[in-house]
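Notes follow once the structure below has been shown.
Note on naming: letters A, B, ... go to the chains in the order of the sequence lines (proteins, then strands), and numbering restarts at 1 for each one.
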Number of protein chains: 2
Amino acid sequence: MSTVPADGGRPPTLEQVARYAGVSRSTVSRVINAVPTVAPEIRETVERAIAATGYVPNLAARSLVTRRTDSVAIVISEPDRTSGTPFLNRMFTDPYVGRVTAGAQEVLLPRNIHLVVIPVDPPARHLVLRYLRQGHVDGVLLVSSHVDDPMPGLLGELDIPTVLSARPGDPVRASYVDVDQRAGARLAVEHLIGRGCRRLATICGPLDMTAGQDRLAGFRAALLGYAQPDPPVVEADFTRAGGEAAARKLLAGHPDVDGLFVANDLMAEGAVRAVRELGRTVPDDVAVVGFDDSSAAVESHPALTTIRQPVEEMAAEMARLLLARIRDPHRLSRAILFHPTLVVRASA
Amino acid sequence: MSTVPADGGRPPTLEQVARYAGVSRSTVSRVINAVPTVAPEIRETVERAIAATGYVPNLAARSLVTRRTDSVAIVISEPDRTSGTPFLNRMFTDPYVGRVTAGAQEVLLPRNIHLVVIPVDPPARHLVLRYLRQGHVDGVLLVSSHVDDPMPGLLGELDIPTVLSARPGDPVRASYVDVDQRAGARLAVEHLIGRGCRRLATICGPLDMTAGQDRLAGFRAALLGYAQPDPPVVEADFTRAGGEAAARKLLAGHPDVDGLFVANDLMAEGAVRAVRELGRTVPDDVAVVGFDDSSAAVESHPALTTIRQPVEEMAAEMARLLLARIRDPHRLSRAILFHPTLVVRASA
DNA sequence: GTGAAAGCGCTAACAG
DNA sequence: CTGTTAGCGCTTTCAC
């Protein structure tokens with residue numbers, strides 16, 4: 001039924017459909033918006049007219065009056081001091097972003113809400129803020145992980161409904177969803193201790209990210225209970241290569257380490273590679289626990305024992321919080337923490 | 001100067017700015033749109049008023065009359081029969097998408113054109129098409145690689161400016177940019193032969209992708225010149241794990257293979273891993289050439305010799321073609337082929 | 001160089 | 001249950 005009308009340049013309007021069907025604009029509008037109070041036969045006439053003309057509502061006209069666009073953005077933000085790899089490569093290479101998107105889609109799709117992904121690095125920041133202020137979207141899911149990222153604050157000033165993917169560096173009024181990072185680190189430590197490791201160390205994430213800070217703090221706190229007061233710590237950048245380099249450095253300085261808590265799976269994969277290239281085995285010589293339970297955990301050899309973050313469920317919750325906030329702008333914001341779980345595979 | 005006015009719910013309008021500045025709506029509009037015919041002092045007054053009121057143009061109202069949104073979408077499409085890994089994970093894990101986005105940003109950002117990324121898998125297809133038809137964006141950069149992907153055709157019917165990232169399965173009227181795949185395969189073969197390989201084989205990409213087809217065809221064609229009529233071929237899915245499994249299978253069936261052309265870097269990385277785990281060395285026992293020169297090529301151990309696709313430059317060209325098409329809808333569409341180059345590293 | 005007025009395509013009261 | 005009417009906020013002729 002793709003009977004497209006004489007393509008006279010412009011697409012058909014409500015008016016034209018109405019004329020075609022011999023009814024008023026309002027009636028067509030009601031049919032489009034599924035308002036129940038329309039006589040069945042008229043509805044059918046109108047639907048035929050819509051099909052015949054190939055009519056599609058004009059978004060600009062509609063949202064000019066409704067003040068809604070039925071779409072939300074997932075904004076992936078990058079703070080000022082960028083590390084080695086180019087931002088877009090990192091963003092499209094870290095399985096985390098895909099999981100967040102998938103989880104959000106899960107709740108948005110059934111509700112017919114469009115989702116667009118917007119990467120933001122410093123040069124694009126200005127343009128993105130404009131995009132958001134212009135009303136392209138009804139709300140934003142902000143993935144921001146650096147403590148010094150200005151985006152959470154900037155979005156706060158914009159007064160557009162926002163939900164954050166993690167605890168922000170500076171408190172803001174937006175809601176956020178996070179995993180209980182310290183509990184995760186504790187699970188890892190207890191597992192390593194439980195399998196007999198005597199000398200634990202950690203490759204922590206960047207300390208300018210809340211996730212990096214919290215996982216390290218959790219690691220140290222958990223270790224306190226086991227009388228290992230000053231465990232070796234090497235910081236890396238959450239990438240595979242970074243984890244690899246960190247593990248090399250760590251084992252060079254502390255050859256006796258036999259248990260490694262690595263703050264994400266990507267780095268853990270790199271660390272495992274380093275350990276093996278140094279001629280030691282995983283998990284027998286060095287046991288390795290990752291964090292995330294991302295696709296990298298399964299792809300690694302041996303497969304990673306890791307702390308599972310229910311990212312998809314968390315993202316779905318973010319979407320729900322956002323929709324609620326869009327519906328009721330006065331809704332109070334809140335923080336929701338999810339519990340991590342230990343997933344045992346081969347690396348520890 | 002973020003002097004926000006009494007937040008009376010709605011954002012300030014042109015009308016209010018005009019009143020504040022003591023001029024007409026038209027004048028403010030001219031200032032906003034940088035129309036030259038405005039007296040300098042008046043322009044300044046208006047600018048002050050804009051700053052004072054915190055005015056931001058309403059996109060819906062503007063694009064209702066201009067029929068432009070100054071934004072384009074990069075649509076990442078997934079065809080019906082999806083392979084193992086969930087689409088969003090694959091999409092956010094393949095370095096290719098990031099490179100395309102970065103390349104497009106390079107030309108869009110300076111022109112103040114917004115870029116949004118939209119993933120499309122079959123369940124979302126309908127919604128995305130609606131999004132595009134509603135006029136959220138002025139044009140689309142379509143990343144579609146499967147021959148049976150309906151998106152190129154569907155977008156064609158929509159009559160929205162579109163540029164494709166590769167040769168489409170069925171010819172469509174949209175422009176596309178691609179790399180000369182066959183030339184790339186030839187470079188790889190010549191390099192392997194040149195370093196003394198006697199028995200070549202290939203891990204080809206999915207044959208339901210034009211890239212998979214063309215690289216395999218190029219490999220076979222190039223080999224014809226070297227009297228190796230029927231080289232071993234194993235098909236895999238462009239993922240690391242797929243490449244690994246394929247290499248295992250290949251070497252099991254053909255232990256004499258000493259040169260491997262792998263149709264992308266991700267698979268090549270997996271293949272290298274398999275070769276080494278089988279107790280053979282790279283490149284001495286088996287030389288491996290990848291394709292793409294993505295970040296995976298450098299991360300692999302040993303680093304991959306590979307065929308470089310100038311993805312960023314290609315994406316920039318896509319963006320330029322799209323903008324030209326948006327400016328002039330009657331512009332003829334075209335295909336642009338880029339030349340690949342050989343990048344020699346350690347794996348071959 | 002500036003203002004007045006019309007209209008983009010749609011929804012939302014309000015009558016009937 | 002349906003039609004009429006009045007805008008939503010902006011750009012764009014067209015006079016002045």
Open item on the list: Any base atoms under 4.0 Å from A/T66, or only sugar-phosphate, or nothing? Heavy atoms, all strands.
Closed with: sugar-phosphate
Open item on the list: Check the phosphate of C/dT11 against A/S29, side-chain N and O only, distance under 4.0 Å to OP1 or OP2. Yes or no?
Closed with: yes
- [ ] Using heavy atoms to find the nearest nucleotide of DNA chain C for B/T37 and B/A61 separately, return the residue whose nucleotide is more 5′.
- [x] B/T37
TODO: For the pair A/D138 (side chain) and A/D70 (backbone), establish whether a donor and an acceptor sit closer than 3.5 Å, ignoring hydrogens and angles.
DONE: yes
- [ ] Would you tell me if any nitrogen or oxygen in the side chain of A/R10 comes within less than 4.0 Å of OP1 or OP2 on C/dC8?
- [x] no
Task: Pair of N/O donor and acceptor under 3.5 Å linking C/dT11 base with A/R25 side chain - done: yes
Open item on the list: Classify B/R30 by what it touches in the nucleic acid, base, sugar-phosphate, or nothing, heavy-atom distance under 4.0 Å.
Closed with: base
Task: Closest-nucleotide 5' rank along DNA chain D - winner of A/A39 and B/V28 - done: A/A39
Open item on the list: I want to confirm an ordering. Mapping B/G22 and A/R62 to their closest nucleotides on DNA chain C, which one lands closer to the 5' end?
Closed with: B/G22
Open item on the list: Using a 4.0 Å heavy-atom cut-off, does B/I32 contact any base of the nucleic acid, only the sugar-phosphate backbone, or nothing at all?
Closed with: nothing
Task: Reported CD-to-CD distance for the pair B/E317 and B/E313, which is rounded to 0.5 angstrom - done: 10.5 Å
Task: Under-4.0 Å side-chain N/O to phosphate OP1/OP2 contact, B/S24 with C/dG3 - done: yes
- [ ] Would you mind classifying the nucleic acid contact of B/S26 as base, sugar-phosphate or nothing, using non-hydrogen atoms under 4.0 angstrom?
- [x] base
TODO: Report yes if at least one side-chain N or O of B/T27 is closer than 4.0 Å to OP1 or OP2 of C/dG3; otherwise report no.
DONE: yes
Open item on the list: Below the 4.0 Å mark, does C/dT11 have OP1 or OP2 next to a side-chain nitrogen or oxygen of A/N33?
Closed with: yes
